[in-house]
There are 2 protein chains.
Amino acid sequence: MAARMTRQRTAVVEALDELADFRSAQQLHETLRARGESVGLATVYRALQALADASEVDVLRAEDGESLYRRCARREHHHHLVCRHCGRTVEIDGPTVEAWASKVAAAQGFDDIEHTIELWGTCADCRASAATK
Amino acid sequence: MAARMTRQRTAVVEALDELADFRSAQQLHETLRARGESVGLATVYRALQALADASEVDVLRAEDGESLYRRCARREHHHHLVCRHCGRTVEIDGPTVEAWASKVAAAQGFDDIEHTIELWGTCADCRASAATK
DNA sequence: ATCAGGCGTGAGAATCATTCTCATGAACTC
DNA sequence: GAGTTCATGAGAATGATTCTCACGCCTGAT
């Protein structure tokens, strides 16, 4: 279970550290290749999955179903406000929402509650460039 | 733009009306075939997409990325508490959450806000059958 | 009812992200 | 340093969804 420290895994982690926004596995693979780091696509997927299992990265699904990954500042539970165009991300938390969610679920006799709360929008920069065009 | 009323489209709508829970396009296709209704898979997808565009059905993504569809009682905006095992669904709404979401997003300068708020859990029935086993 | 034109249909191919396979290569242990 | 084990990578496989295109069934006008 000890995660081996390989060149590839290191490269993935570094790339994630430098990128502040949510990125897909495919995008990360592109980034690594462009950077000269030769890493197989399957390896990128494996590394990301391992990191996600270890709660080292957050995963969420884009509107088209693609998985997006991000190295978040805080490891505690939180949510995101993400720009659907550029992936720009703001971490947010909603204590009120957490409480609300578990109360509602429990009232219906549900167990093992998990909630998905994500906000999507267009960030100021993307709105500006869209206007220019 | 007038949606034609065909045998296939009718069959899809009827199946959705009878099924109270979220189902995937594949599952619906199976159901229809089992029922003797011959409907192509592509047609099921098209019908569901059309219904979703018309806000006649709600769509959400399962944890594995598959799209699930459901004919909801109310057409107004609302959320769901879904059993991840059997698809059993309870409609819920959270006025508090709505307000919270738009306030947070606006504070960060984001536009065109959209939010994803879904609750997943194990319903009482599924918990019981899991215990038996 | 009837007809014509257009939208809907279906089977299979195409697409796309993700996972699997398996032979080879690189880490960690002693 | 040697051996064992796990990670890697290229390509095949998978699975949901979409596309293609020839053909048939709605629908509105006659």
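Values below: all heavy atoms of this structure, side chains included; hydrogens, waters and symmetry mates excluded. Just so it is clear: chains get the letters A, B, ... in the order the sequence lines come, proteins before strands, and each one is counted from 1.
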For [X], what are the other residues in its hydrophobic cluster, where any two members join if their side-chain heavy atoms are less than 4.5 angstrom apart?
| X | value |
| --- | --- |
| A/Tyr45 | A/Leu41 |
| A/Ile117 | A/Leu81, A/Val90, A/Ile92, A/Val97, A/Trp100, A/Val104, A/Phe110, A/Ile113, A/Leu119, B/Leu81, B/Val90, B/Ile92, B/Val97, B/Trp100, B/Val104, B/Phe110, B/Ile113, B/Ile117, B/Leu119 |
| A/Leu32 | A/Val12, A/Val13, A/Leu16, A/Leu19, A/Leu28, A/Val39, A/Val44, A/Leu48, A/Leu51, A/Val57, A/Val59, A/Tyr69 |

Subject >> Pair B/Arg35 + B/Glu14, salt bridge at N-O below 4.0 Å >> reply: no
Produce the list of close N/O pairs, under 3.5 Å, pairing protein atoms with atoms of nucleotides 15-25 of chain C; give distances to one decimal.
from   : atom 1 : to      : atom 2 : distance (Å)
C/dT18 : OP1    : A/Ser67 : N      : 2.9
C/dT18 : OP1    : A/Ser67 : OG     : 3.4
C/dT18 : OP2    : A/Tyr45 : OH     : 2.4
C/dT18 : O5'    : A/Tyr45 : OH     : 3.3
C/dT19 : OP1    : A/Gln49 : NE2    : 3.4

May I have the distance from [X] (atom [atom1]) to [N] (atom [atom2]), rounded to whole angstrom?
| X | N | atom1 | atom2 | value |
| --- | --- | --- | --- | --- |
| B/Asp53 | C/dG8 | CG | P | 12 Å |
| A/Arg33 | D/dG9 | CZ | P | 10 Å |
| B/Met5 | C/dT9 | CE | P | 11 Å |
| A/Arg7 | D/dG9 | CZ | C1' | 11 Å |
| B/Glu37 | C/dT9 | CD | P | 13 Å |
| B/His29 | D/dG15 | NE2 | C1' | 15 Å |

**OP:** Would you please name every residue forming a salt bridge (Lys or Arg N to Asp or Glu O under 4.0 Å) with A/Glu56, sequence neighbours left out?
**Re:** A/Arg71, A/Arg75
Original post:
Taking only residues two or more places apart in sequence, or in another chain, which ones meet A/Arg9 in a salt bridge (Lys or Arg N to Asp or Glu O under 4.0 Å)?
Top reply: none
**OP:** Specify the angle, to 10°, made by the local axes at the two ends of the helix from C/dA1-D/dT30 to C/dC30-D/dG1 when five pairs are taken at each end.
**Re:** 40°
Phosphate-side-chain proximity, [X] and [N], N/O vs OP1/OP2 below 4.0 Å:
| X | N | result |
| --- | --- | --- |
| A/Thr43 | D/dG9 | yes |
| B/Gln8 | C/dG10 | yes |
| B/Arg9 | C/dC7 | no |

**OP:** Could you tell me which residues satisfy side-chain hydrogen bond (donor to acceptor under 3.5 Å, both in side chains) with B/Arg70, sequence neighbours excluded, listed by chain and number?
**Re:** B/Glu91
Subject >> Listed once per pair and sorted, the salt bridge (Lys or Arg N to Asp or Glu O under 4.0 Å) pairs that draw on residues 58-68 of chain B, sequence neighbours left out >> reply: B/Glu63-B/Arg84
Original post:
Is the backbone N or O of B/Gly87 less than 3.5 Å from a side-chain atom of B/Arg23, with the two atoms forming a donor-acceptor pair by type?
Top reply: no
